[in-house]
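For the single chain, residues carry numbers from 1 onward in sequence order.
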Amino acid sequence: SSTSAETHALGLRATLGLTYDLGASTLGLYYQTEQKHKFQNIIETSPGSYADLDIEQPANVGFGVANNSLMGGKLLVMADVLYKFWEDTDFWGDLYQDQWVFSTGAQLSAGKWRYRIGYGYGEDPTDSNASAPIGGLTQINSSFGVIPLSDPVVNYLQATQTEVIYKHRATIGLGYAGFLIPELDVDLHFGWQFEESRDYGTGSLSGGGATEAEVSSWHAGAGLTWKF
């Protein structure tokens, strides 16, 4: 039987950014506040009893630089660094550590065409010392009865529900200016998060051994930009 419910929440956050133009180079800095969602009666903690969960997305601070001095201004190169304050958040702060994320990329312009490539590296944010309570929860109900959130159970939940462990990612993109009409641009992209694996726990799970998680993913997207 299901131990969770479908619920909806609205969260707001603010972003403050600054840019400084050096001519061929541009510097950028931004700060983004936490984003909090309150999910009511979302998880069953004992038979017939559901608990609320406060879940926050972390505050972020980022810095970047871009330069278009190469190839007569046709080649744009850029890099940025992002710091995510996971440890200060509700719920995720019980499972993740603060995280550094690094990205770099380039765009080559050839007439109306734009060719793009990017690479990023992100630290594994997993908190290896995570323990209950998680988001204020110390137990959950299941079809097998009430399960206390012991350290092995927390490790298992990390491995199966919060395993955002991939470190390396790459993207390619293609854009065309003046698609169908002069004011309309079209952009396409494809990205890949390379496979990563890790063990959760120290072998104290029932039956022996830790829980291994192995993840990879890809994404694709398209967009239209109307200039007016």
Side-chain angles (χ1 to χ4, degrees), residues 6 8-37 55-86 89 92 98-125 164-196 215-228:
E6 180 178 340
H8 304 277
L10 177 66
L12 301 175
R13 76 188 322 171
T15 302
L16 175 65
L18 298 171
T19 59
Y20 189 75
D21 188 355
L22 296 173
S25 296
T26 302
L27 306 178
L29 176 70
Y30 84 93
Y31 174 78
Q32 196 171 45
T33 65
E34 294 174 345
Q35 185 178 37
K36 185 173 183 176
H37 296 85
I55 300 179
E56 284 181 316
Q57 296 302 314
N60 304 303
V61 61
F63 173 78
V65 58
N67 180 277
N68 64 353
S69 64
L70 302 175
M71 298 181 64
K74 295 181 180 180
L75 181 62
L76 174 67
V77 294
M78 61 211 81
D80 62 63
V81 58
L82 175 68
Y83 191 77
K84 303 179 76 67
F85 295 88
W86 289 110
T89 63
W92 297 121
D98 292 349
Q99 179 189 31
W100 286 99
V101 181
F102 305 91
S103 302
T104 185
Q107 174 183 274
L108 177 65
S109 298
K112 293 186 176 182
W113 290 97
R114 307 289 184 264
Y115 304 94
R116 305 182 182 104
I117 189 170
Y119 167 79
Y121 173 84
E123 292 181 323
D124 177 358
V164 187
I165 59 176
Y166 39 73
K167 299 177 181 178
H168 303 276
R169 66 187 188 279
T171 58
I172 56 174
L174 180 66
Y176 187 81
F179 177 68
L180 299 179
I181 58 175
E183 294 82 11
L184 192 64
D185 296 347
V186 61
D187 294 286
L188 309 171
H189 81 271
F190 177 83
W192 180 263
Q193 283 78 35
F194 294 94
E195 184 177 289
E196 291 282 348
V215 298
S216 63
S217 65
W218 62 269
H219 61 272
L224 294 172
T225 303
W226 177 277
K227 296 179 293 187
F228 57 91

Taking the six-membered ring for Trp, are His189 and His219 parallel (under 30°), tilted (30 to 60°) or perpendicular (over 60°)?
tilted
Do [X] and [Y] come within less than 4.5 Å of each other through their side chains, counting heavy atoms only?
X	Y	value
Phe190	Leu174	no
Asp187	Phe179	no
Val61	Phe85	yes
Ile117	Tyr115	no

Phe102 side, atom CZ; Lys167 side, atom NZ - distance, nearest 0.5 Å
12.5 Å
When rounded to the nearest 0.5 Å, the distance separating OG1 of Thr33 from CD of Glu56 is 9.5 Å
Assess whether side chain to side chain donor-acceptor pair (under 3.5 Å) is satisfied between Ser103 and Arg169, documenting all intermediate values.
CA-CA 9 Å; Ser103 302; Arg169 66 187 188 279; 2.6 Å; yes
Do the charged groups of Arg114 and Asp185 touch, with an N to O distance under 4.0 Å?
no
Can you check whether Gln107's main-chain N or O pairs, donor with acceptor, with Arg116's side chain at less than 3.5 Å?
no
Closest heavy-atom pair and its distance - [X], [Y]:
X	Y	answer
Trp218	Gln193	N-OE1, 4.0 Å
Asn68	Gly23	OD1-O, 4.5 Å
Leu188	Ala222	CD2-CB, 3.5 Å
Ser217	Tyr166	OG-CE2, 3.9 Å

Checking side chain to side chain donor-acceptor pair (under 3.5 Å) against Asn60, which of Lys84, Glu34, Gln99 comes through?
Lys84
Using ring-ring contact (aromatic ring centres under 6.0 Å, His included) as the criterion, list what pairs up with Tyr121, not counting sequence neighbours.
His168
